[in-house]
Amino acid sequence: MPGFPENPRVRFAPSPTGYLHVGGARTALFNWLFARHFAGVFLLRIEDTDVSRSTPEMVEGILEGLQWLGIAWDEGPYYQSRRTELYRLAVDKLISTGAAYYCFCRKEELEDRPAQATGEGRLPRYQGTCRRIPAAEALRRKQAGEAAAVRFAVPQGGSTGFEDAVFGKVEFSNSELEDFVLARSDSSPTYHLSAVADDIDLRITHIIRGADHISNTPKQVLLYNALGAATPVFAHVPLILGADKTRLSKRHGATSVIAYREEGIVPEALRNFLALLGWTPPAGSSEILKDDALIRFFSLEAISRSNAVFDRSKLDWFNTEYIRSYPAERLLPLIEEEWKKAGVKLRSRDGTWLLSTIDLLKGRARSLKDFAGSFRAFFSDEFQPDPAALDKFLKDTGVRKMLVELGDRYGNLEDFSEQETERVLRDFAAARGVKAGALINGARVALTGQAVAPSLFAVMTALGKSTTVERLRGVEQLPLEALSLGSLKT
RNA sequence: GGCGCUAUCGUCUAGGGGUUAGGACGGAAGAUUCUCAAUCUUCAAACCCGGGUUCGAUUCCCGGUAGCGCUACCA
């Protein structure tokens, strides 16, 4: 039982037939947390035994996703495609002990089996035809060059069960298991064989994987037994579903870990969010859990048994929390990436200025992309004012005129501080008999292109005197969004 | 279809034979006034259904239903 395992060895064993999706990433994360918690070893193994469906690009993508998420492996990656000798030995052993047998049925004739079987009201299962061939005859045919797959001889009768660290006792009747294939006719191993042979060879103590493997487990337990090895602890983790509660797929938008990087999610936020999908920290703890807390708290016992829906808005919340908690120094390199991607030309590269401006804005960011998007005017002179913002606060030509005048006043202001700029604006508004708010909101749009931004006077000092003056003076050149529809008609 | 697993607010979940069923995200309302995507305050929101056990079930048992998984010479 889990308890306090000594030197546990766990693995994440993705099949490179697709990118690293959030489900796989969470499985990897749980393995990693478990290993770190018990000072064990976390290793990575690439299950590429199906050469027709595995590609090196996919392997790259998976490694990249793991690295980005900060999930580092201690051993590997091991590639199953390079460990075929191990599987061949295991198959030989099973054949020699009679635990497995050659099957000469051709793939094609097996293919219409399901349809045929259901038509006859039978279960679409391998009937064990070749199991009845005497071993000597089978060996002779095999040596004569006849193509043969290798099947496992599932015990007739009885049942096979295991104690799952998450689900408890699970048991299957052996009559439910068919004589599954261990090696294809080209002698390449299939999943069950290679996984078990590897897990034995790599001395894996705990198998933490998706709950979709629960039904596979009895077959593997049988294999452990037949190979004379002790079974590891199994811990199945419930699946992650889309908002419609169906299995996560491309239909649900981003499911690739890398896609979240592209969306401006910081890795720590995704990690924290993923950890909390199906796992509960101790009562009373905050949900914002950095690595050390995650590692300290993690336990297989606190993994839930029901599937979890991926909630994008909660991920976004984690992201805002992490972004605002980071010092600007940590944010800067991440943000520079976004500027590069968006082609943002900076107004200034002054370090202190960049850092203080990031500090001014980070509390309002939902994503790293905001720094190249709605915050763009702070960092660059090239930005498109938001039409809705123009419509909301800069429709009034009177306000526009006053803002130009205000710009002139600021041009003559010696002390361009938050206090002084505010005093000047309020005095000006009072003198003109307009509400300060009207000028403030208009100026915000003129300066940032947005209706939403930090306090105006903080904005002005962040922008600096000359840019503030310049943008205010240019206010009349901004389009009058409200008129555009009407003017098209006339 | 068969087998397996699961079932508490919209979502992630806590809890547990007697509770005002707790928290978080999201939502709503209010406050603030210089905007809100900030902040503060408040509110709404759940035990799948039916039997059984019991003085008492959301909790334990059984059945149903639903969802998910597996049912390949995929992993």
Side-chain angles (χ1 to χ4, degrees), chain A residues 13-18 47-50 52-54 80 103 105-107 110-111 113-114 118 121 123-126 147-151 164 166-168 170-173 175-178 180-192 194-195 210-219 236 238-239 241 243 245-247 273 276-288 304-318 320 324 363-366 370 374 389 392-393 422 425 435-441 443-445 448 450-457 459:
Chain A
S15 168
T17 52
E47 308 221 325
D48 55 353
T49 54
D50 185 350
S52 59
R53 302 204 311 156
S54 307
Q80 291 195 321
C103 173
C105 299
R106 274 176 312 164
K107 196 178 172 184
L110 258 22
E111 244 144 37
R113 169 165 56 111
T118 42
L123 256 32
R125 193 179 300 156
Y126 181 65
V150 176
R151 285 182 186 271
D164 192 282
V166 173
F167 287 89
V170 185
E171 199 163 352
F172 291 78
S173 165
S175 61
E176 291 300 322
L177 277 26
E178 75 172 338
F180 53 97
V181 171
L182 299 174
R184 306 183 179 90
S185 3
D186 67 359
S187 83
S188 65
T190 62
Y191 166 67
H192 294 295
S194 56
D212 48 343
H213 285 289
I214 288 179
S215 311
N216 289 326
T217 309
K219 294 177 188 169
H236 288 97
L239 271 22
L241 310 177
K245 301 200 177 199
T246 64
R247 197 173 189 166
F273 169 71
L276 261 37
L277 271 188
W279 173 75
T280 314
S285 93
S286 156
E287 292 199 357
I288 299 289
S304 87
R305 282 173 295 279
S306 48
N307 294 341
V309 172
F310 189 95
D311 180 1
R312 180 53 199 264
S313 63
K314 188 149 186 178
L315 204 212
D316 286 334
W317 175 74
F318 276 110
T320 63
R324 75 174 45 178
R364 321 177 141 258
R366 249 190 137 53
D370 290 337
S374 56
K392 191 171 176 190
F393 292 124
E422 175 159 12
L425 184 142
K435 282 174 113 169
L439 257 28
I440 288 170
N441 289 331
R444 176 178 289 107
V445 178
T448 70
Q450 301 290 319
V452 172
S455 162
L456 179 70
F457 306 102
V459 170

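The figures here come from the full heavy-atom set of this structure, side chains too, leaving out hydrogens, waters and symmetry mates. Letters A, B, ... mirror the listed sequences (proteins, then strands); counts begin at 1. Since the model is a prediction, treat every value here as computed from it, not as a measurement.
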Colleague: If you only use heavy atoms from C-beta on, which nucleotide in B:U71, B:C68, B:G2 is closest to the side chain of A:Glu178?
Modeller: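 Nearest to the side chain of A:Glu178 among the choices is B:U71.
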
Colleague: What residues form a ring pair (Phe, Tyr, Trp, His ring centres under 6.0 Å) with A:Phe180, not counting sequence neighbours?
Modeller: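 Ring pair (Phe, Tyr, Trp, His ring centres under 6.0 Å) check on A:Phe180 returns A:Phe152, A:His192.
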
Colleague: When all nucleic acid strands are considered with a 4.0 Å heavy-atom cut-off, which category describes A:Gly284: base, sugar-phosphate, or nothing?
Modeller: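 No contact.
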
Colleague: Do any side-chain nitrogens or oxygens of A:Ser215 fall under 4.0 Å of OP1 or OP2 in B:C5?
Modeller: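 No, A:Ser215 has no side-chain N/O under 4.0 Å of OP1/OP2 on B:C5.
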
Colleague: Look at the side chain of A:Leu277 and decide which nucleotide, out of B:C5, B:C12, B:C73, has an atom nearest to it.
Modeller: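 That would be B:C12.
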
Colleague: Looking only at the side chain of A:Ser304 (C-beta and beyond, no hydrogens), which of the listed nucleotides B:U6, B:C12, B:U13 gets closest?
Modeller: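 Of the candidates, B:U13 comes closest.
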
Colleague: For B:A21, which nucleotide in any strand shown is its Watson-Crick or wobble partner with both distances under 3.5 Å?
Modeller: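 Result: none.
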
Colleague: Paired with B:A57 by Watson-Crick or G-U wobble geometry, both distances under 3.5 Å: which nucleotide is it?
Modeller: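 Paired with B:A57, as far as the under-3.5 Å criterion goes, is no nucleotide at all.
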
Colleague: Show the nearest heavy-atom pair for residues A:Arg364 and A:Val452, with the distance to one decimal.
Modeller: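 The answer is NH1-CG1, 3.9 Å.
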
Colleague: Side chains of A:Thr217 and A:His236: does their closest heavy-atom pair fall under 4.5 Å?
Modeller: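 Yes, close enough: below the 4.5 Å cut-off.
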
Colleague: Pick base, sugar-phosphate or nothing for A:Thr246, based on heavy-atom distances below 4.0 Å to the nucleic acid.
Modeller: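 It contacts sugar-phosphate atoms only.
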
Colleague: If the P atom of B:G50 is compared with that of B:A57, how far apart are they to the nearest Å?
Modeller: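 Looking at atom P only, B:G50 and B:A57 are 13 Å apart.
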
Colleague: Where do A:Val459 and A:Ala453 come nearest, in terms of heavy atoms and distance?
Modeller: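 Reported closest heavy-atom pair: CG2-CB, 4.5 Å.
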
Colleague: Could you tell me how far apart A:Leu315 (CG) and B:C25 (C1') are, to the nearest whole angstrom?
Modeller: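 Rounded to the whole Å, the gap is 11 Å.
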
Colleague: Between B:A38 and B:A31, how many Å separate the two C1' atoms, rounded to a whole number?
Modeller: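 Straight-line distance between the two C1' atoms is 14 Å.
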
Colleague: Working to the nearest 0.5 angstrom, can you tell me the gap between A:Asn307 CG and A:Leu277 CG?
Modeller: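 Rounded to the nearest 0.5 Å, the CG-CG separation comes to 11.0 Å.
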
Colleague: Both distances below 3.5 Å, Watson-Crick or wobble geometry, any strand: find the nucleotide opposite B:A28.
Modeller: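 Pairing partner: B:U42.
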
Colleague: Measuring from the side chain of A:Asn216 (C-beta onward, heavy atoms only), which nucleotide among B:U11, B:C70, B:C5 has the closest atom?
Modeller: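 Of the options given, the side chain of A:Asn216 lies nearest B:C70.
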
Colleague: Taking any heavy-atom pair under 4.0 Å as a contact, classify A:Ser306: base, sugar-phosphate, or nothing.
Modeller: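 Result for A:Ser306 = sugar-phosphate.
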
Colleague: Given the P atoms of B:G4 and B:G64, what is the spacing between them in whole Å?
Modeller: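 It comes out at 12 Å once rounded to the nearest Å.
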
Colleague: Rounded at 0.5 Å granularity, tell me how far CG in A:Asp48 sits from OG in A:Ser194.
Modeller: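 Answer for the CG-OG pair, A:Asp48 versus A:Ser194, is 9.0 Å.
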
Colleague: Using a cut-off of 6.0 Å, state whether more than 12 heavy atoms not belonging to A:Arg312 lie near its atom CZ.
Modeller: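 Counting other residues, nucleotides and ligands, CZ of A:Arg312 exceeds 12 neighbours.
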
Colleague: Please tell me if A:Arg305 has a side-chain N or O lying less than 4.0 Å from either OP1 or OP2 of B:A7.
Modeller: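 Indeed not, no polar side-chain atom of A:Arg305 lies that close.
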
Colleague: Provide, to the nearest angstrom, the distance between the NZ atom belonging to A:Lys219 and the C1' atom belonging to B:G4.
Modeller: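 Nearest whole value for this atom pair: 12 Å.
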
Colleague: Nearest heavy atom decides the nucleotide; on that basis, is A:Gln80 or A:Ala243 closer to the 5' end of RNA chain B?
Modeller: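 Looking at the nearest nucleotide for each, A:Ala243 comes out on the 5' side.
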
Colleague: Kindly assign one of parallel, tilted or perpendicular to the pair A:Phe310 and A:Phe273, based on the angle between their ring planes and the thresholds 30° and 60°.
Modeller: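 Perpendicular, since the angle between the ring planes exceeds 60°.
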
Colleague: Taking NE2 from A:His213 and C1' from B:C5, how many angstroms apart are they, rounded to a whole number?
Modeller: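 Whole-Å distance recorded here is 15 Å.
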
Colleague: Sort out the partner of B:G63 for me: Watson-Crick or G-U wobble, both distances under 3.5 Å, none otherwise.
Modeller: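 For B:G63, the partner nucleotide comes out as B:C49, under the 3.5 Å rule.
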
Colleague: On a whole-Å scale, what distance lies between the C1' atoms belonging to B:C25 and B:U65?
Modeller: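 Looking at atom C1' only, B:C25 and B:U65 are 30 Å apart.
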
Colleague: Determine the Euclidean distance between corresponding P atoms of B:C5 and B:A29; express it in Å to zero decimal places.
Modeller: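 Taking atom P in both B:A29 and B:C5, they lie 46 Å apart.
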
Colleague: Pick base, sugar-phosphate or nothing for A:Ser194, based on heavy-atom distances below 4.0 Å to the nucleic acid.
Modeller: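 Answer is nothing: A:Ser194 stays at 4.0 Å or more from every strand.
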
Colleague: Atom CD of A:Glu287 to atom C1' of B:U11: distance rounded to whole Å?
Modeller: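 Value for this atom pair: 12 Å.
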
Colleague: Check whether any side-chain heavy atom of A:Tyr191 lies under 4.5 Å from a side-chain heavy atom of A:His213, and answer yes or no.
Modeller: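 Side-chain contact under 4.5 Å: yes.
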
Colleague: So which nucleotide does B:C68 pair with, by the Watson-Crick or G-U wobble rule with both distances under 3.5 Å?
Modeller: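 With both distances under 3.5 Å, B:C68 matches B:G4.
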
Colleague: Please name all residues satisfying ring pair (Phe, Tyr, Trp, His ring centres under 6.0 Å) with A:Phe172, sequence neighbours left out, ordered by chain then number.
Modeller: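 Partners of A:Phe172 under the ring pair (Phe, Tyr, Trp, His ring centres under 6.0 Å) test: none.
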
Colleague: Can you figure out which of B:G4, B:C25, B:C12 approaches the side chain of A:Phe172 most closely?
Modeller: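 Nearest nucleotide to the side chain: B:G4.
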
Colleague: Restricting both atoms to N or O, compile the protein contacts to nucleotides 37-41 of chain B shorter than 3.5 Å, with distance only.
Modeller:
residue	atom	partner	partner atom	Å
B:U39	OP1	A:Arg324	NH1	2.9

Colleague: Whole angstrom is fine here: how far is it from CG in A:Leu177 over to C1' in B:G69?
Modeller: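 About 15 Å, once rounded to whole Å.
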
Colleague: What closest approach, in Å, do A:Leu276 and A:Pro281 show between heavy atoms, and which atom pair accounts for it?
Modeller: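 For A:Leu276 and A:Pro281, the tightest heavy-atom pair comes out as CD1-CD, 4.0 Å.
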
Colleague: Could you work out which one of B:U71, B:A75, B:A24 sits closest to the side chain of A:Trp317?
Modeller: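 Nearest nucleotide to the side chain: B:A24.
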
Colleague: Can you tell me, in whole Å, how much space there is between the P of B:U53 and that of B:U13?
Modeller: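 It comes out at 34 Å once rounded to the nearest Å.
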
Colleague: Looking at B:C73, which nucleotide sits across from it as a Watson-Crick or G-U wobble partner, both distances under 3.5 angstrom, or is there none?
Modeller: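 Matched B:C73 with nothing under the 3.5 Å cut-off.
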
Colleague: Would you say that A:Ile288 contacts A:Trp317 through its side chain, given a criterion of any heavy-atom pair below 4.5 Å between the two side chains?
Modeller: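 They are in side-chain contact.
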
Colleague: Within the 4.0 Å heavy-atom criterion, would you say A:Leu456 contacts the bases, only the backbone, or no part of the nucleic acid?
Modeller: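 Counting heavy atoms under 4.0 Å across all strands, the contact made by A:Leu456 includes a base.
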
Colleague: Roughly how many Å is it from CG in A:Leu239 to C1' in B:C70, rounded to a whole number?
Modeller: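 Distance check: A:Leu239 CG to B:C70 C1' gives 11 Å.
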
Colleague: Both A:Asp311 and A:Ser173 contact RNA chain B. Taking the nearest nucleotide for each, which residue is further toward the 5' end?
Modeller: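 Upstream on the strand: A:Ser173.
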
Colleague: Roughly how many Å apart are B:U39 and B:G18, using the C1' atom of each and rounding to a whole number?
Modeller: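 After rounding to an integer number of Å, I get 41 Å for this pair.
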
Colleague: Which value, in whole Å, describes the distance between the C1' atoms of nucleotides B:C55 and B:G63?
Modeller: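 My reading of the C1' atoms in B:C55 and B:G63 gives 25 Å.
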
Colleague: Which of these nucleotides, B:A75, B:C25, B:C68, is closest to any side-chain atom of A:Ser313?
Modeller: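 For A:Ser313, the side-chain atoms sit closest to B:C25.
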
Colleague: With a 4.0 Å limit, can you tell me whether A:Lys245 has a side-chain N or O closer than that to the phosphate oxygens OP1/OP2 of B:A66?
Modeller: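 No, outside the criterion.
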
Colleague: Would you mind reading off the distance between A:Glu176 atom CD and B:U71 atom P, rounded to a whole angstrom?
Modeller: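 Between P of B:U71 and CD of A:Glu176: 13 Å.
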
Colleague: What integer distance in Å separates A:Asp212:CG from B:C70:C1'?
Modeller: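 A:Asp212 atom CG is separated from B:C70 atom C1' by 9 Å.
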
Colleague: If you check every side-chain atom of A:Ala308, which of B:U13, B:U6, B:C68 has the closest atom?
Modeller: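 From the listed options, B:U13 comes nearest.
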
Colleague: Among B:C73, B:C12, B:A75, which is the nearest nucleotide to the side chain of A:Ser185?
Modeller: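 Nearest to the side chain of A:Ser185 among the choices is B:C73.
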
Colleague: Quick one: label A:Phe457 by what it contacts on the DNA or RNA (base, sugar-phosphate, nothing), any heavy atom closer than 4.0 Å.
Modeller: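 Result for A:Phe457 = base.
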
Colleague: Please classify the nucleic acid contact of A:Pro238 as base, sugar-phosphate, or nothing, using heavy-atom distances under 4.0 Å.
Modeller: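 Contact class for A:Pro238: none.
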
Colleague: A:Thr280 has a side chain; which of B:G26, B:G2, B:A14 sits nearest to it?
Modeller: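 In terms of side-chain proximity for A:Thr280, the closest of B:G26, B:G2, B:A14 is B:A14.
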
Colleague: With a 3.5 Å limit on both atom pairs, tell me what B:A37 is paired to, counting Watson-Crick and G-U wobble, or say none.
Modeller: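 Partner of B:A37: none.
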
